[in-house]
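Heads up: numbering here begins at 1 and tracks the sequence.
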Amino acid sequence: MTAVSDEVFVDYRRFCEEQWGITIVEKNESKLMKVLAVVLFFNKGFMTNYVTTIGKKVHWPNADKLTGKDFTTLFHEVQHAVDFTKGPAWFILSYLLPQILALFVLMSFLALTGNLFWLLALPWVLMLAPLPSITRAHWELRGYSCEMAYVLWTRGYVPSHMLRRIKKEFTSSAYYFMWPFSRSMDRKLEKAEKSILNCELTEVQEETARFLVHHGVVEESV
């Protein structure tokens, strides 16, 4: 596998900013990220081990220490950023489903008039449970397929340890058990790999492939 040099990584950051308006910011300096760290109590490494993209800003721990080894992660996050810009409201709503439905608990305030409206709010409390999210899994698979694409372009296959790592992100508490179905996840990853091999690429993957070809990281045939 051909590694991306630090110089190419810097060029890719510049390319992403010029092409899509995406910038990297220090995660530890964001008040919003600190609030989210409290909300996402189930993910203990949220502030230190995870990159979080909101809109066109990529919040990255230790953003001043990035190197070429971080290329695939940025590739992943750029996909999220571009997906967001194509439909911000739908992206946010669908990413947070079904847990965001717990907001209907606020209907309990209707009971302040002395009626039993608070009973309508009780079922929505269940939405706070770690229920599967087919929409969140959809968006994350688009991101992780970018990482898979880079490995396929440079190595020719996706190593089993990488597939296991990606699968764990979907089936564990990392993303609140967004798709905890092991066999189904295997099929999703297999389908994603076939799509890349058949050149059924997202806009981000196509533009990144051209960037990598231009910089001599991958062959023209990609």
Side-chain angles (χ1 to χ4, degrees), residues 1-24 51 53 55-56 58 66-88 90-91 94-95 133-171 175 178-179 181-222:
M1 179 173 64
T2 304
V4 167
S5 67
D6 294 350
E7 291 75 15
V8 171
F9 179 76
V10 171
D11 284 347
Y12 187 62
R13 288 182 61 171
R14 187 181 302 113
F15 171 78
C16 291
E17 185 168 2
E18 295 173 352
Q19 183 79 9
W20 298 294
I22 298 167
T23 57
I24 296 175
V51 180
T53 297
K56 295 183 178 182
V58 181
L66 302 183
T67 68
K69 295 180 180 179
D70 298 299
F71 176 84
T72 53
T73 302
L74 179 56
F75 188 7
H76 174 139
E77 298 302 326
V78 169
Q79 183 65 63
H80 287 330
V82 173
D83 285 339
F84 172 90
T85 58
K86 291 184 176 180
W90 169 241
F91 183 89
S94 60
Y95 194 92
S133 174
I134 191 171
T135 45
R136 189 184 312 133
H138 166 75
W139 296 123
E140 283 301 333
L141 186 57
R142 282 172 67 83
Y144 280 106
S145 68
C146 291
E147 298 185 36
M148 294 170 63
Y150 176 76
V151 174
L152 281 168
W153 295 337
T154 56
R155 182 178 290 191
Y157 68 97
V158 182
S160 58
H161 68 82
M162 182 178 185
L163 292 173
R164 287 194 298 270
R165 174 181 64 81
I166 294 175
K167 179 179 176 179
K168 186 176 180 181
E169 298 294 335
F170 286 78
T171 59
Y175 290 89
M178 62 181 167
W179 201 250
F181 311 111
S182 180
R183 292 183 180 179
S184 174
M185 200 60 235
D186 287 336
R187 291 193 293 270
K188 286 180 180 293
L189 292 174
E190 182 179 355
K191 182 178 179 180
E193 185 172 352
K194 287 182 178 179
S195 294
I196 297 166
L197 291 173
N198 292 332
C199 294
E200 299 169 3
L201 307 176
T202 67
E203 172 196 339
V204 173
Q205 291 168 353
E206 289 179 350
E207 293 296 334
T208 299
R210 281 193 277 269
F211 171 89
L212 292 173
V213 168
H214 176 73
H215 284 74
V217 179
V218 299
E219 297 179 359
E220 186 71 40
S221 58
V222 171

Can you give each donor-acceptor pair under 3.5 Å made by side-chain atoms of residues 189-197, sequence neighbours left out, with the distance rounded to 0.1 Å?
| residue | atom | partner | partner atom | Å |
| --- | --- | --- | --- | --- |
| S195 | OG | K191 | O | 3.1 |

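Atom CD in Q79 sits 11.5 Å away from atom CD in E147 (nearest 0.5 Å). Expressed to the nearest 0.5 Å, how far CZ of F75 lies from CE of M148 amounts to 11.5 Å.
Side chain of D6 to backbone of T67: no donor-acceptor contact under 3.5 angstrom is found.
Taking the six-membered ring for Trp and thresholds of 30 and 60 degrees, F71 and Y150 have ring planes inclined between 30 and 60 degrees apart. Relative ring orientation between F91 and W139 is described as tilted, the plane-to-plane angle lying within the 30° to 60° band.
Using modelled atom types, one finds no donor on one side chain facing an acceptor on the other under 3.5 Å when comparing S133 with Y175.
The closest side-chain heavy-atom distance from H161 to R165 is not below 4.5 Å. Inter-residue side-chain proximity for S145 and Q205 is flagged as met; some heavy-atom pair is nearer than 4.5 Å. Under the 4.5 Å side-chain criterion, counting only non-hydrogen atoms from C-beta, L74 is in contact with Y12. Side-chain contact check for W179 versus E140: every heavy-atom pair is 4.5 Å or farther apart. Under the 4.5 Å side-chain criterion, counting only non-hydrogen atoms from C-beta, W20 is in contact with V78. With contacts defined as side-chain heavy-atom distances shorter than 4.5 Å, the pair R142/C146 does not qualify.
Electrostatic pairing of D11 and R14 counts as a salt bridge here, judged by a charged N lying under 4.0 Å from a carboxylate O.
The side-chain hydrogen bond (donor to acceptor under 3.5 Å, both in side chains) check on W90 picks up nothing, with sequence neighbours excluded. The salt bridge (Lys or Arg N to Asp or Glu O under 4.0 Å) check on E17 picks up nothing, with sequence neighbours excluded.
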